[in-house]
Amino acid sequence: MRICGWVIRRKTIGKIVILEISGDTSSKPHVIALKKEREPELFELARDLPVGTALCFEGELAPVQKSRRGVEYIAKEIKIYSRPLEPLPVDTIGKVPALLDTRIRYRYLLLRNPAEKAIFKIRESILRAAREYFIKNGFMEIQTPKIVAAGAEGGATLFPVKYFEYNAYLSQSPQLYKQMLMSSVPRVYEITPYFRAEKFDTPRHLNESWGIDAEIGFIESEEDVMNVLENLIAYIVDYIRKNNVEELEILGVELKPLTVPFKRITFKEAVDILSSEGVEIPEGEDLTEAAEKKLGEIMASKGYDIFFITRFPWEATGFYYMRNEDGTTRKFDLDYKGLELSSGGQREHRYEKLVEALRDKGLNPEGFKFYLEAFKYGMPPHGGFGLGVERLLVKLLGLSNVREAILFVRDRNRLIP
RNA sequence: GCCGCCGUAGUAUAGCCCGGCCUAGUAUGCGGGCCUGUCGAGCCCGUGACCCGGGUUCAAAUCCCGGCGGCGGCGCCA
């Protein structure tokens with residue numbers, strides 16, 4: 001058996017050298033012990049292999065597993081490919097902590113640390129599980145353009161891009177495109193980056209983040225959308241519980257299964273709950289970050305870690321959400337432990353109503369012509385959602401910053417690496 | 001954009017409030033020595049740092065001003 005990786009730990013105890021090689025197949029390290037008496041050449045070789053050395057070894061599973069840290073092998077041959085030119089700037093076994101800033105800078109190295117790698121293996125599982133779920137439920141995976149002419153909101157901040165002689169933007173949401181596709185493919189999903197030019201600098205925001213976006217046609221109400229979303233998340237959690245036992249153990253995370261359906265409260269009920277706790281939300285305004293956190297605490301104390309807030313007021317939503325007669329909309333948010341994980345709802349699919357909505361929001365229907373056109377030819381009622389991958393990962397693993405949940409961070413002040 | 005906290009060896013920190021006892025402490029890393037299985041092994045020796053610029057002062061890591069950078073709160077925000 002040939003195993004390759006990097007030395008993450010070397011320990012010499014008298015006439016034994018113990019090497020730990022960062023695992024490629026498993027999250028736990030591969031361990032080889034070399035004894036002076038048993039394999040004198042390898043012992044000499046291993047004795048001055050610095051941490052960080054890239055190597056492969058030929059070996060077999062050790063009959064006696066003495067290491068408590070990883071799987072132990074008996075090495076027959078070691079081939080060195082590359083030695084570090086200087087000592088590693090960060091500790092790849094996690095003995096000495098690194099600040100977030102340092103972790104981001106040296107992420108590529110820190111992934112040799114099983115704990116750091118475990119986060120991203122679970123991130124991968126989220127996407128894998130999502131794909132599996134969508135495939136099982138008859139969704140088609142799509143890709144929509146990331147260079148676009150208009151944003152979904154009109155008001156939100158977009159990154160301008162020079163596109164030959166045109167002004168273009170980086171897409172902040174596949175929203176409009178997936179809706180257009182509802183006129184022909186009633187179940188689509190996309191795993192996509194979102195680009196947002198807001199100058200925020202918080203543990204919850206990134207300027208380039210990833211989302212799992214879905215859109216569903218022929219629905220009766222937003223309830224059908226919420227159904228897909230809650231089942232998707234429960235599926236993801238199950239998948240991780242099943243496939244990432246080792247990673248969860250390394251991270252010390254106990255992930256409890258989620259039961260569907262999730263609790264639902266209306267926006268009005270949320271405002272009332274908050275009001276009874278002394279937090280006032282002005283009429284027609286969205287929940288503030290602090291209010292959302294507080295609501296999360298209150299709901300958690302009632303046994304609801306995860307819950308939907310439904311029927312948002314029209315004033316606090318995008319133009320494309322379907323309006324109810326009472327001034328509420330069919331928009332919902334999904335909150336998990338005080339953080340908005342996802343938002344979605346039923347869209348307005350009736351052409352005239354949509355034009356009216358654009359005007360009511362002070363937007364010019366001319367600018368959305370390409371989008372509106374799609375509503376002329378038999379658009380079914382539909383709805384969808386966007387689910388933030390980093391936020392989901394943060395909440396599942398109890399991380400404290402979304403920057404821990406993405407390999408290469410793009411935030412207010414980071415364009416490198 | 002506003003507010004708060006912070007910036008010390010490769011990494012992580014102590015010292016700063018109350019200037020001199022700092023020739024800057026500790027852990028880990030790194031180099032070397034001892035040790036036949038460590039589990040964040042242990043013991044000994046060595047190595048290496050006050051973000052940048054200006055000011056106050058006999059004296060600045062410590063106080064003041066400016067800059068740059070980080071973290072957090074708020075705002076803004078699918």
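All values reported here derive from a predicted model rather than from experimental measurement. For the numbers below, each heavy atom of this structure counts, side chains included, while hydrogens, waters and symmetry mates do not. To find a chain, count down the sequence lines: A is the first, B the second, and so on, and within it residues start at 1.
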Exercise. Could you state the atom-to-atom distance from CD of Glu404(A) to P of G72(B) in whole Å?
Key: 9 Å
Quiz item: Out of C74(B), G37(B), G10(B), which has the shortest distance to the side chain of Arg204(A)?
Solution: C74(B)
Quiz item: Looking at G10(B), U38(B), C77(B), which one has an atom nearest to any side-chain atom of Ser67(A)?
Solution: U38(B)
Quiz item: Of Ser343(A) and Arg103(A), whose nearest nucleotide on RNA chain B comes first from the 5' end?
Solution: Arg103(A)
Practice problem: Assess whether ring pair (Phe, Tyr, Trp, His ring centres under 6.0 Å) is satisfied between Phe319(A) and Phe368(A), documenting all intermediate values. | Solution: CA-CA 11 Å; Phe319(A) 73 88; Phe368(A) 293 85; 5.3 Å; yes
Exercise. Taking only the side-chain heavy atoms of Val51(A) (C-beta and beyond), determine which of G37(B), G72(B), C30(B) contains the nearest atom.
Key: C30(B)
Exercise. Establish whether the base of G37(B) is bridged to the side chain of Glu72(A) by a donor-acceptor pair shorter than 3.5 Å.
Key: yes
Quiz item: What nucleic acid atoms does Ala98(A) come within less than 4.0 Å of, heavy atoms only: base, sugar-phosphate, or nothing?
Solution: sugar-phosphate
Exercise. Among Lys178(A), Arg187(A), Arg131(A), find the one that has a salt bridge (charged side-chain N to carboxylate O under 4.0 Å, His left out) with Glu141(A).
Key: Arg131(A)
Quiz item: Rounded to whole angstroms, how far apart are CD1 on Ile32(A) and P on U38(B)?
Solution: 18 Å
Quiz prompt | Which residue lies more 5' along RNA chain B, comparing Gly70(A) with Leu99(A) via nearest heavy atoms | solution = Leu99(A)
Quiz prompt | Nucleotide nearest Lys95(A) (side chain, heavy atoms from C-beta), chosen from G37(B), C30(B), G40(B) | solution = G40(B)
Quiz item: Mind checking the P distance from U23(B) to A49(B)? Whole angstroms is fine.
Solution: 15 Å
Quiz prompt | Inter-nucleotide P distance (C22(B), G66(B)), Å rounded | solution = 32 Å
Self-check item: Rounded distance (Å) that lies between atom C1' of C39(B) and atom CZ of Arg10(A)
Solution: 17 Å
Exercise. Quote, to the nearest angstrom, the C1' distance that separates C6(B) from A12(B).
Key: 15 Å
Quiz item: Between Arg105(A) (CZ) and G70(B) (P), how many Å, whole number?
Solution: 12 Å
Quiz prompt | Closest to the Lys35(A) side chain, choosing from G37(B), G40(B), A78(B) | solution = G37(B)
Quiz prompt | Listed nucleotide nearest any side-chain atom of Pro174(A), set A78(B), C30(B), G73(B) | solution = A78(B)
Quiz prompt | Interatomic distance, Arg47(A) CZ vs G33(B) C1' [rounded to whole Å] | solution = 11 Å
Quiz item: The side chain of Thr202(A) lies closest to which of these nucleotides: A12(B), C39(B), G75(B)?
Solution: G75(B)
Exercise. Whole angstrom is fine here: how far is it from CG in Asp91(A) over to P in U28(B)?
Key: 11 Å
Quiz item: Quick one: which of C77(B), C71(B), C39(B) gets closest to the side chain of Arg196(A)?
Solution: C77(B)
Self-check item: G10(B) to A60(B) separation - C1' atoms, rounded to the nearest Å
Solution: 27 Å
Quiz item: Is the side chain of Arg107(A) donor-acceptor paired with the backbone N or O of Phe408(A) at a distance under 3.5 Å, no angle test?
Solution: no
Quiz item: According to the ring-ring contact (aromatic ring centres under 6.0 Å, His included) rule, which pairs have a member within residues 46-72 of chain A, sequence neighbours left out?
Solution: Phe57(A)-Tyr73(A)
Quiz item: Between Thr329(A) and Phe312(A), is there a donor-acceptor pair closer than 3.5 Å when you use the side chain of the first and the backbone of the second?
Solution: yes
